[in-house]
Protein chains: 2
Amino acid sequence: MHSDLVASVRRFNRTVTQRVGALDDEYMARGRPLAQARLLWEIGPDGAEVAAVRARLGLDSGYLSRLLRNLENDGLVTVGPDDQLGGDGRVRVAALTESGRAEWTELDKRSDELAWSILEPLTAQRRQRLTSAMAEVERLLVASMVVIEPCSPNDPRARACLRAYARDVARRFDDGFDPALSTPVRDEQLIPPAGVFLLATLNSEPVGCGAVKLHPGTPAEIKRVWVADTVRGLGVGRRMLGELEEYAAERGWTAIRLDTNRNLTEAIAMYRSAGYREIERYNTEHYAHHWFEKRLRPPRTSGSRGHSDN
Amino acid sequence: MHSDLVASVRRFNRTVTQRVGALDDEYMARGRPLAQARLLWEIGPDGAEVAAVRARLGLDSGYLSRLLRNLENDGLVTVGPDDQLGGDGRVRVAALTESGRAEWTELDKRSDELAWSILEPLTAQRRQRLTSAMAEVERLLVASMVVIEPCSPNDPRARACLRAYARDVARRFDDGFDPALSTPVRDEQLIPPAGVFLLATLNSEPVGCGAVKLHPGTPAEIKRVWVADTVRGLGVGRRMLGELEEYAAERGWTAIRLDTNRNLTEAIAMYRSAGYREIERYNTEHYAHHWFEKRLRPPRTSGSRGHSDN
DNA sequence: TGCATAACCTGACTTTAGTCAGGCATCATG
DNA sequence: CATGATGCCTGACTAAAGTCAGGTTATGCA
């Protein structure tokens with residue numbers, strides 16, 4: 001039963017939102033409306049594009065505009081066009097003025113103070129224990145914030161992942177990575193019903209991807225599994241694998257396979273521990289040294305939405 | 001330097017207020033104003049006195065009244081006089097109606113769902129790790145939320161602690177505890193400048209106490225150190241001791257002592273580990289078996305009691 | 001070139017949240 | 001039984017937060 005796990009999460013939520021949530025706002029505000037303070041903080045000493053800030057804070061466009069005007073009137077920020085050469089003339093960039101920067105520094109200081117006010121009443125030993133437990137909670141919360149969902153391989157975020165993937169493997173393969181030598185995967189093969197491309201995001205930032213090709217009559221094939229190193233070790237790869245398998249299984253496939261390079265040792269370990277078994281070469285991929293396969297169990301419940309192929 | 005400790009707390013604050021704080025509010029609200037939802041939740045299925053709720057949520061009296069009226073108009077709660085026999089005619093009790101109870105159950109369910117939505121993406125092993133880390137964080141945050149401050153020994157909260165103290169020792173001493181046999185401590189002896197009474201509170205609930213008598217010409221004397229078992233093991237006793245010592249030291253005392261019963265073994269261990277050394281009997285307290293003393297270091301100059309490292 | 005669209009702004013609004021001063025019963029106390 | 005305190009309520013207010021429906025300008029694309 002998960003009820004005791006759920007209960008501890010709830011107790012945690014309660015204590016923490018009380019202590020951290022409430023104080024955090026209070027420390028942040030400094031007489032100024034909270035929304036303004038947050039905005040100021042989010043712009044940061046290096047400035048930021050208005051659209052980016054809006055996305056991060058999830059604000060209404062009109063509301064944000066008004067908040068910026070207020071900060072501008074207070075002489076804390078300036079909003080101007082994107083100075084970059086060839087920049088988009090529509091996007092505007094918010095930057096802190098001298099006194100805005102001072103204010104930001106103050107907020108930064110207060111944030112330190114808040115943190116310290118939590119640690120201060122504790123002994124050195126307990127401080128240590130608290131911070132390690134916090135780090136653990138934070139890591140695992142981040143892990144649970146990663147969302148995996150289907151996405152077009154044309155999507156700019158998908159493109160970014162695929163570029164990062166190519167860069168990564170180029171670095172790890174013995175002889176670099178030349179796409180021309182590798183068996184190409186066309187986008188159409190990763191678009192339903194031929195296959196699917198899954199994107200992993202953390203706060204809508206892309207942090208991983210994976211795809212599966214569903215070619216009738218042959219096992220499903222996994223391609224392009226990549227995880228950003230910012231979230232490595234949090235089980236994202238494993239989840240991605242699971243979702244891809246589930247996708248294939250739901251559509252009637254009973255086996256799934258993949259090829260991989262001998263240098264990707266963690267990936268290989270992950271495949272093995274996820275139930276993949278090494279098989280004979282089944283393709284002519286130039287960069288592959290190992291081939292793996294896993295039998296898929298038919299999905300549990302009703303929803304038999306597929307294809308009885310294979 | 002504690003900068004890395006502070007940095008982890010800050011990272012934690014950020015992640016947690018984002019993930020837990022924001023979602024918690026959203027889950028709670030359900031279309032209704034958040035304040036009303038919170039109030040409804042706080043009243044709970046068993047009802048609650050208006051004053052108690054106000055204290056817990058820290059709301060303005062007028063504001064709370066209005067919120068209650070709104071909930072009443074929505075048919076979710078009823079506010080009536082205290083039904084209890086001989087109850088105070090001024091205090092009013094809020095109780096949930098049938099549909100208020102349904103709403104509360106719904107909130108309870110959503111709270112479970114929120115918790116589960118955090119656990120769900122994780123593997124069983126990570127769920128386990130997350131919940132234990134959360135429990136650790138929560139315990140230590142609670143520890144850091146305990147506030148210790150001077151208080152009159154007449155204060156009802158102080159009285160409650162002293163009663164609890166008497167109850168505790170009566171249970172632990174070999175032959176019970178008869179105040180008449182014990183050397184009495186008069187309240188005046190615990191009021192500055194003759195001494196001080198310190199109260200430990202958690203969310204303004206009393207959870208511990210301690211006192212020191214400052215009799216000129218003799219060492220300071222610690223009395224009545226007690227900690228509620230809800231917060232035992234969190235270092236509250238140790239902090240209390242430290243504050244009492246600091247109080248005496250700041251006023252020029254260079255030694256502090258206390259007596260204790262042989263059955264209070266954890267207390268004795270704490271005194272030893274806090275630097276107290278056993279000495280000869282110095283009083284005729286009926287229930288005492290051990291006497292301890294500690295030399296006090298003169299306080300650091302100036303009022304800089306900020307970030308005392310270590 | 002024209003047209004849909006994106007990024008941002010403005011004005012006009014509503015709802016929430018919260019404060020403050022005073023009022024009216026009830027209670028505790030001398 | 002007068003007096004002040006306590007617990008709750010009402011009215012009158014303010015500020016903050018957020019929404020919505022247009023507008024303006026710049027871009028991307030056929």
Side-chain angles (χ1 to χ4, degrees), chain A residues 21-22 25-26 28-43 47-74 77-95 154-156, chain B residues 21-22 25-26 28-40 42-43 47-74 77-95 154-156 159:
Chain A
D25 289 356
E26 192 187 319
M28 202 81 190
R30 310 222 320 122
R32 193 184 314 287
L34 185 55
Q36 276 181 40
R38 266 208 257 274
L39 174 53
L40 181 78
W41 175 256
E42 207 57 42
I43 291 172
E49 296 186 359
V50 171
V53 172
R54 187 173 55 231
R56 277 208 293 275
L57 295 176
L59 298 175
D60 173 85
S61 147
Y63 184 30
L64 174 59
S65 204
R66 207 175 319 281
L67 288 173
L68 280 172
R69 242 19 26 78
N70 290 340
L71 288 176
E72 223 169 10
N73 289 341
D74 292 355
V77 315
T78 54
V79 180
D82 191 351
D83 279 344
Q84 226 149 290
L85 221 81
D88 189 325
R90 290 167 303 181
V91 328
R92 314 248 293 159
V93 170
N154 299 311
D155 187 292
Chain B
D25 289 356
E26 191 187 318
M28 201 82 189
R30 308 221 323 118
R32 193 182 315 287
L34 185 54
Q36 277 182 39
R38 268 207 255 273
L39 174 54
L40 181 79
E42 207 58 41
I43 290 171
E49 297 188 358
V50 172
V53 173
R54 186 172 55 232
R56 276 208 295 275
L57 294 177
L59 297 176
D60 173 82
S61 149
Y63 184 31
L64 173 59
S65 204
R66 205 175 320 280
L67 288 173
L68 280 171
R69 237 29 16 85
N70 290 340
L71 287 175
E72 224 169 9
N73 290 341
D74 292 354
V77 314
T78 55
V79 180
D82 192 351
D83 279 344
Q84 226 150 290
L85 222 82
D88 188 326
R90 291 167 301 181
V91 328
R92 314 247 295 160
V93 170
N154 298 312
D155 185 293
R159 288 265 162 257

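So you know, we letter chains A, B, ... as the sequences are listed, proteins then strands, and number each from 1. Worth knowing before you read on, the calculation uses all heavy atoms, side chains too, and leaves out hydrogens, waters and symmetry mates.
The distance between atom CG of Asp60(B) and atom P of dC13(D), rounded to the nearest whole Å, is 17 Å. The nearest whole Å value for the distance from the CD atom in Gln36(B) to the C1' atom in dA17(C) is 11 Å. The CD atom of Glu49(A) sits 10 Å away from the P atom of dA7(C) (whole-angstrom rounding). Put simply, CG on Leu59(A) is 13 Å from P on dC8(C), counting in whole angstrom units. Between the CG atom of Leu68(A) and the P atom of dA17(D) there is a distance of 14 Å, given to the nearest Å. Atom CZ of Arg69(B) and atom C1' of dT16(C) are 18 Å apart (whole Å). Atom CG in Leu71(A) sits roughly 12 Å away from atom P in dC9(C) (whole-Å rounding). One can place CZ of Arg54(A) at 12 Å from P of dA6(C), the figure rounded to the nearest angstrom.
Remark: Arg92(B) is not in phosphate contact with dG7(D), judged by side-chain N or O atoms under 4.0 Å from OP1 or OP2.
Going from atom CG of Leu71(A) over to atom OG1 of Thr78(A) covers 11.0 Å, rounded to the nearest 0.5 Å. To the nearest 0.5 angstrom, Met28(B) atom CE is 10.5 Å from Arg30(B) atom CZ. Between atom CD1 of residue Ile43(A) and atom CG of residue Leu57(A) there is a gap of 9.0 Å, rounded to the nearest 0.5 Å. Taking CG of Leu59(A) as the reference point, atom CZ of Arg66(A) lies at 12.0 Å (rounded to 0.5 Å). Atom CG in Leu34(B) sits 11.0 Å away from atom CG in Leu39(B) (nearest 0.5 Å).
The side chain of Ala35(B) sits closest to dA17(C) out of dA17(D), dA17(C), dC8(C). The side chain of Val91(B) has dC8(D) as its nearest neighbour among dC9(D), dA16(D), dC8(D).
Using a 4.0 Å heavy-atom distance criterion, Leu64(A) is classed as making no nucleic acid contact. Leu34(B) comes within 4.0 angstrom of sugar-phosphate atoms only, judged by non-hydrogen atoms across all strands, and of no base.
A donor-acceptor contact shorter than 3.5 Å is absent between the side chain of Arg54(A) and the backbone of Leu64(A).
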When you compare the protein's N or O atoms with those of nucleotides 11-14 of chain C, which come within less than 3.5 Å of each other, and at what distance?
from, atom 1, to, atom 2, distance (Å)
dG11(C), N7, Arg66(A), NH1, 3.3
dG11(C), O6, Arg66(A), NH2, 2.7
dA12(C), N6, Arg66(A), NH2, 3.3

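Counting all heavy atoms, side chain and backbone alike, Val77(A) lies closest to Glu72(A) at O-CG, 3.2 Å.
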Side chain to side chain contact (heavy atoms under 4.5 Å, CB included) between Asp82(B) and Arg92(B), worked out: CA-CA 5 Å; Asp82(B) 192 351; Arg92(B) 314 247 295 160; over 6 Å; no

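Inter-residue side-chain proximity for Asp74(B) and Gln36(B) is flagged as met; some heavy-atom pair is nearer than 4.5 Å.
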How does each nucleotide of nucleotides 23-30 of chain C score, in 5' to 3' order, for protein heavy atoms under 4.0 Å: base (B), sugar-phosphate only (S), or none (-)? ---BS---

